[in-house]
Protein chains: 2
Amino acid sequence: MITINLGRGRVKDYLELFGGNWFNGEENNGLKEVFTIGQRNRLQYIILGLLGQQDQTGYDLTKAFEHEIGEFWQASHSQIYPQLQRLETAGDITHQDQITGEKLTKKVYQLTAQGQKKLAAWVSEPSPELTATKDEFILKLYFIKSANDPRLGPMLREQTQLHAEQLAHLQERQREVFPNQAAIDAAFGHYLILEHAIERESHYVEWLQRYQTLSNNH
Amino acid sequence: MITINLGRGRVKDYLELFGGNWFNGEENNGLKEVFTIGQRNRLQYIILGLLGQQDQTGYDLTKAFEHEIGEFWQASHSQIYPQLQRLETAGDITHQDQITGEKLTKKVYQLTAQGQKKLAAWVSEPSPELTATKDEFILKLYFIKSANDPRLGPMLREQTQLHAEQLAHLQERQREVFPNQAAIDAAFGHYLILEHAIERESHYVEWLQRYQTLSNNH
DNA sequence: TTTCAACATGTAATTAATTACATGTTTTAA
DNA sequence: TTAAAACATGTAATTAATTACATGTTGAAA
């Protein structure tokens with residue numbers, strides 16, 4: 001029995017440990033870990049998800065973040081390689097060396113049974129948190145007090161340009177990735193979120209254009 | 001004249017210094033600063049913007065992030081207080097002590113002329129970066145391959161609930177903050193982004209409901 | 001009159017993310 | 001054949017953000 005002296009306002013924190021990392025068993029092997037809750041670290045799950053689709057290297061994963069899922073999540077190789085090492089240490093993935101050409105050794109990663117379980121558990125668990133949209137333009141608008149502010153027109157036009165380009169890019173992606181029903185059936189979730197993103201950008205542009213005529217005098 | 005030995009692929013980085021913090025003058029007072037570019041630190045501008053509306057304390061700012069602009073940006077007091085200190089050191093804000101009751105000393109912050117200039121410059125400068133939306137649900141959907149996946153229905157329903165609540169909250173905010181045309185005219189930018197957020201959530205819910213009937217068998 | 005919520009202001013520790021540093025191989029096109 | 005782009009894998013340094021620690025005051029309601 002360990003008695004812990006709790007200061008004011010810490011009972012809740014203490015209790016949350018049981019919903020956090022306490023007594024989770026296998027994942028905690030040291031005292032330090034036991035008391036660490038930390039931030040969500042979603043990257044590990046995305047990597048597991050991508051490896052679930054196909055065995056691949058850290059470089060392949062980096063490219064996937066640049067092209068395949070770049071619209072929905074960003075991560076650079078300097079996050080990916082260390083995360084792969086941590087996932088392997090944790091036993092969620094393993095790798096095999098593959099020689100290309102004379103001496104270039106690639107590490108091809110794959111999910112372990114434990115990693116598959118962890119991925120499935122993450123997908124199934126609730127996602128009760130709203131997204132923190134950190135849109136700098138939206139924030140600047142907040143500080144524009146008057147409809148007659150001369151900065152308003154140029155700002156709206158700049159953003160219209162930006163989001164129209166993004167919309168076109170997403171539509172191009174949709175044509176590329178989902179040319180027929182078979183492609184949609186094979187990656188239905190991806191289809192859904194691409195459709196969602198297209199409609200979101202489409203609305204964004206429509207909303208911007210609604211006020212486009214304001215402050216044309218600059 | 002200083003000669004710097006540049007390795008492969010670093011010329012671009014070097015040139016970017018001139019678009020970054022190099023030779024910006026007053027903001028750089030040491031070598032360390034001169035070579036640091038770092039992340040965007042938008043928080044400082046939001047604080048300047050809020051102080052531009054009204055002199056206030058760190059506590060007031062914290063509350064503003066919780067209620068007033070919480071839908072558009074998040075920051076906690078543990079970010080705000082150190083940032084206030086840095087802004088004051090930089091000469092963008094000053095403060096006056098105000099005694100409440102017997103001995104409670106509040107620090108009421110206000111913009112300096114320099115701070116006002118900095119704020120105006122930030123609002124006027126382009127915002128060419130697209131927002132990184134990090135929506136965990138969207139990401140999970142990406143890994144759902146089939147329209148028949150039994151997890152799909154429950155996931156969509158959970159998110160519908162969540163976003164319908166957020167939509168209702170935003171609509172309530174709109175009624176509260178903008179009961180008449182005068183209120184709209186006095187904070188036009190805020191009105192615009194609230195309208196945008198409402199339409200965004202509205203579309204989100206509509207999109208979720210479109211696929212709601214899938215996988216009702218769980 | 002006492003206790004609790006809200007007011008008020010900080011710092012410390014940790015985790016996440018970005019930017020920069022660092023190096024070597026293979027393939028492709030001029 | 002050679003130079004550049006793409007492939008490939010790391011680490012270091014810095015900044016941002018979150019969570020937790022820490023403490024004290026004031027006002028309102030029971």
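Note that this is a predicted model, so its numbers are computed, not measured. Sequence lines set the chain letters: A, B, ... in the order given, protein chains first and strands last, and positions in each chain run from 1.
Nearer the 5' end of DNA chain C, as judged by each residue's closest nucleotide, is the contact made by A:His77, out of A:His77 and A:Glu102. A residue-by-residue look at A:Gly58 and B:Ala75 shows that A:Gly58 has its nearest nucleotide of DNA chain D further toward the 5' end. When each of B:Asp60 and A:Ser76 is assigned the nucleotide of DNA chain C bearing its nearest heavy atom, the one mapping closer to the 5' terminus is B:Asp60.
At D:dC7, one or more side-chain N or O atoms of A:Tyr59 fall inside 4.0 Å of OP1 or OP2 (strictly under the cut-off). Using a 4.0 Å cut-off, some side-chain N or O of B:Gln79 falls inside it from OP1 or OP2 of D:dT18. Checking the phosphate oxygens (OP1, OP2) of D:dT11, a side-chain nitrogen or oxygen of A:Gln85 falls inside 4.0 Å. For D:dT9, the OP1/OP2 oxygens have a side-chain nitrogen or oxygen of A:Thr57 closer than 4.0 Å.
Spacing between atom NZ of B:Lys107 and atom C1' of C:dC7 amounts to 16 Å, rounded to whole angstrom units. Following rounding to the nearest Å, A:Trp73 (CH2) and C:dA16 (C1') show an atom-to-atom distance of 11 Å. Taking atom CG of A:Leu104 as the reference point, atom P of C:dT23 lies 18 Å away to the nearest angstrom. In this entry the distance linking CG of A:Leu87 with P of D:dG10 reads 13 Å, nearest Å. Separating the NZ atom of B:Lys106 from the P atom of D:dT25 is a distance of 15 Å, rounded to the nearest angstrom. Rounded to a whole Å, the CD atom of B:Gln98 is 10 Å from the P atom of C:dT9. The distance between atom OH of A:Tyr81 and atom P of C:dT18, rounded to the nearest whole Å, is 17 Å. Look at CZ on A:Arg86: it is 10 Å from P on C:dT15, rounded to the nearest Å.
A donor-acceptor contact under 3.5 angstrom links the side chains of B:Glu71 and B:His169, judged on distance only. If you check the side chains of A:Ser127 and B:Lys140, you find a donor sitting under 3.5 Å from an acceptor.
For B:Glu125, the CD atom is densely surrounded, since the number of other residues' heavy atoms within 6.0 Å is greater than 12. Residue-environment remark: CD (A:Glu176) exceeds the threshold of 12 foreign heavy atoms within 6.0 Å.
With distances taken from any side-chain atom of B:Lys63 to the nucleotides D:dC7, C:dT27, C:dC7, the minimum falls on C:dC7.
Put simply, the side chain of A:Ser78 and the base of C:dT19 share a donor and an acceptor less than 3.5 Å apart.
The aromatic rings of A:Phe72 and A:His190 sit perpendicular, their planes meeting at an angle over 60°, well past the 30° parallel limit.
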